[in-house]
A.B. asks: 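Quick one: the structure is below, and I'll ask about it shortly.
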Amino acid sequence: MVLKVNNLHKSYKKTQVLRGISLDIGESKNLAIVGSSGSGKSTLLYILGGLEKSDEGEVLVDNINIANLNDEQLADFRNQSIGFVFQFHFLLPSMNCLDNILLPAKIGGHSLKKVKTRILEFARVLKVEHCLKKYPFEISGGEQQRVNIIWAISLSPKLLLCDEPTGNLDSENTQIVLELLRKVAHEIGSILVVVTHDVAIADSFEQKITIEDGQIIS
Ligand code: ADP
Ligand code: MG
């Protein structure tokens, strides 16, 4: 997959959040996005993942403009091609963590046995095996974040979008999570985009952009 972004603009009411963002991310590349709080990082990630629409500009995934997809195509695209790690927990409170993680596989009609094997392996690496049978409210914020990561990578997405994926984690778990995200992205050959305010993390990525007031400043 290659990802190209041309001149994105986005406003909420009178607030201009994105003011002309362009990007070109090649096959299997990884990119860090840094910038202060409120600079537009999450908004950009949502637009890349087809969760929000831009007012102007375009997102081209393998030369297909995602704005031209109908609702069903967009839902398929998100289910099959995108892994999204949200900044804040999003797990459904009425299901245990394993059922939460399995939901996209069920919706996409995948073999649950195969996906489950992957999930158990990821849970072991991220040290959240003990959380799988628990409900989201029964585990800590850091554990929810790692469950969220397993949910995002369980179906081997070609585009892995992570919004401050280590925001709730201590330094040891931060390293484990970053290593796993890189390893999985490398194995799948997927594009990895990570929003972070940690400069040391950002410096370890192949490409890095800094956003300020909705524009790329470096
Ligand atoms: P960041 O992730 O860099 O902290 P965001 O993309 O979340 O920044 O937000 C950028 C700006 O857009 C902020 O001023 C925020 O208040 C505003 N914003 C984000 N989402 C919405 C929304 N759904 N409605 C109104 N304003 C929003
Ligand atoms: Mg944000």
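Indexing begins at 1, ligand by ligand and atom by atom, following the structure's order. FYI, the numbering just counts along the sequence from 1.
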A.B. asks: Salt bridge or not between D163 and K41? Use side-chain N to carboxylate O under 4.0 Å.
C.D. replies: no
A.B. asks: Between E179 and K183, does any side-chain N to carboxylate O distance fall below 4.0 Å?
C.D. replies: no
A.B. asks: State whether E121 and R118 are salt-bridged, where the test is any N-O pair (Lys NZ or Arg NE/NH1/NH2 against Asp/Glu carboxylate O) under 4.0 Å.
C.D. replies: no
A.B. asks: Which atoms of ligand 1 have any heavy atom of S36 under 4.0 Å away?
C.D. replies: 3 (O)
A.B. asks: Do NZ/NE/NH1/NH2 and the carboxylate oxygens of E138 and K133 come within less than 4.0 Å?
C.D. replies: no
A.B. asks: Heavy atoms only, cut-off 4.0 Å: how does V17 contact ligand 1, side chain, backbone, both, or neither?
C.D. replies: side chain
A.B. asks: Decide, counting backbone as well as side-chain atoms, whether S42 has an N, O or S atom less than 2.8 Å from the Mg ion (ligand 2).
C.D. replies: yes
A.B. asks: Kindly confirm or rule out an N or O of E52 lying under 3.5 angstrom from an N or O of ligand 1.
C.D. replies: no
A.B. asks: Indicate the atoms forming the closest heavy-atom contact of L48 with I82, along with that distance.
C.D. replies: O-CD1, 4.1 Å
A.B. asks: Looking at atom 1 (P) of ligand 1, what's its closest protein heavy atom, distance included?
C.D. replies: G38 N, 3.5 Å
A.B. asks: Ring of F205, cation from R182 - is the NZ or CZ under 6.0 Å from the centre and inside 45° of the axis?
C.D. replies: yes
A.B. asks: Flag S39 as yes when one of its N or O atoms lies below 3.5 Å from any N or O atom of ligand 1, and as no otherwise.
C.D. replies: yes
A.B. asks: May I ask you to list the atoms of ligand 1 that are less than 4.0 angstrom from any heavy atom of T43?
C.D. replies: 5 (P), 6 (O), 9 (O)
